[in-house]
Amino acid sequence: KGGWLDEFQLCEKHQRRLEFFCNDQQICICSWCACDHTGHEIIPIKKLAKEGRENLREKREQLKKTRIEPATKIKNSLDTRA
């Protein structure tokens with residue numbers, strides 16, 4: 001099930017797949033580069049992607065509520081007047 005990271009994102013130094021994110025330097029790194037980032041906060045890219053998807057899902061649900069609830073109130077208000 002390869003994604004864009006599998007096909008396009010390779011470490012320029014090692015030509016290996018970028019699998020981690022160095023939060024301290026805000027860059028993607030390969031497993032070999034991780035040795036140069038000892039002591040930094042290293043996060044697997046897959047974990048970040050999962051958290052990002054969950055965050056987007058939550059934001060989408062919040063947006064739905066802020067749009068649907070007022071519209072429903074308006075509709076109900078109009079229905080009771082008729």
Inter- and intrachain pairs under side chain to side chain donor-acceptor pair (under 3.5 Å), touching residues 50-59, at least two apart: none
Ile27 reachable from Ile42 in the ILVMFWY side-chain graph, under 4.5 Å edges: yes
Spatial distance of atom CD (Gln25) from atom NE2 (His40) [nearest 0.5 Å]: 5.0 Å
Over 12 foreign heavy atoms within 6.0 Å of CD, Gln26: yes
Arg16 CZ to Leu10 CG distance, which is reported to the nearest 0.5 Å: 10.5 Å
Under 3.5 Å: donor-acceptor pair, side chain of Gln15, backbone of Cys11: yes
From CD1 (Ile43) to CZ (Phe20), nearest 0.5 Å: 11.0 Å
Intermediate values then yes/no, side-chain contact (heavy atoms from CB on, under 4.5 Å), Cys33 and His14: CA-CA 8 Å; Cys33 284; His14 301 110; 3.4 Å; yes
Inter-residue atom distance Cys28.SG - Arg17.CZ, 0.5 Å rounding: 12.0 Å
From CD (Glu19) to CH2 (Trp32), nearest 0.5 Å: 11.5 Å
Min side-chain heavy-atom separation His37-Ile29 under 4.5 Å: yes
